[in-house]
Amino acid sequence: QVQLVESGGGLVQAGGSLRLSCAASGRTVSSYTMGWFRQAPGKEREFVATIVRNDAITYYADSVKGRFTITRDNAKNTVYLQMNSLKPEDAAAYYCAAANTAAYATTPTLYYYWGQGTQVTVSS
């Protein structure tokens, strides 16, 4: 079992950057395929990025490709989401999640463990 705590959200102007962190405890982040999801008010939770547990292959939603980067620091047992060139449509609650799969996973139902979320607000 793993516990996940996100941090790093906040208010940023369009075009700005934020780095979200997901600190894990209980088990190592390298034991799971880790993902970031987001959910805006009135919308479904959507996939943002994932990093596969063994080979650290990454995969992104088309809407963030080229702007967001997911990384993993095994020594700190933390997963990051670097978000650059932020747009107002990126505003949402961002969630970190862990899946017990060896492949990349874009579907929320594949993830068993979730953090509490961190809010990102982007002003235009």
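All heavy atoms count here, side chains included; hydrogens, waters and symmetry mates do not. Nothing fancy with the numbering, it's 1 onward along the sequence.
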Open item on the list: For Gly9, is there any backbone N or O sitting under 3.5 Å from a side-chain donor or acceptor partner on Thr118?
Closed with: yes

TODO: Could you tell me whether a side-chain N or O of Thr33 sits under 3.5 Å from a main-chain N or O of Ala99, the two making a donor and an acceptor?
DONE: no

How many angstroms lie between [atom1] in [X] and [atom2] in [Y], if you round to the nearest 0.5 Å?
| X | Y | atom1 | atom2 | answer |
| --- | --- | --- | --- | --- |
| Trp114 | Tyr95 | CH2 | OH | 9.0 Å |
| Ser17 | Met83 | OG | CE | 8.5 Å |
| Ile57 | Tyr59 | CD1 | OH | 12.5 Å |

If two hydrophobic side chains count as joined below 4.5 Å and joins carry through other members, does [X] share a cluster with [Y]?
| X | Y | value |
| --- | --- | --- |
| Val79 | Val2 | yes |
| Leu18 | Phe68 | yes |
| Phe47 | Val64 | no |
| Tyr104 | Tyr113 | no |

Open item on the list: For Tyr32 together with Tyr112, are the ring centres under 6.0 Å from each other?
Closed with: no

Task: Side-chain heavy-atom pair Tyr80, Cys22 within 4.5 angstrom cut-off - done: no

Open item on the list: Ring of Tyr94, cation from Arg38 - is the NZ or CZ under 6.0 Å from the centre and inside 45° of the axis?
Closed with: no

- [ ] Only counting residues at least two apart or in another chain, list the ones meeting side-chain contact (heavy atoms from CB on, under 4.5 Å) with Gln116.
- [x] Val5, Glu6

Task: Other residues, nucleotides, ligands: >12 heavy atoms within 6.0 Å of Lys65 NZ - done: yes

Task: Side chains of Thr106 and Tyr111, donor plus acceptor under 3.5 Å - done: no

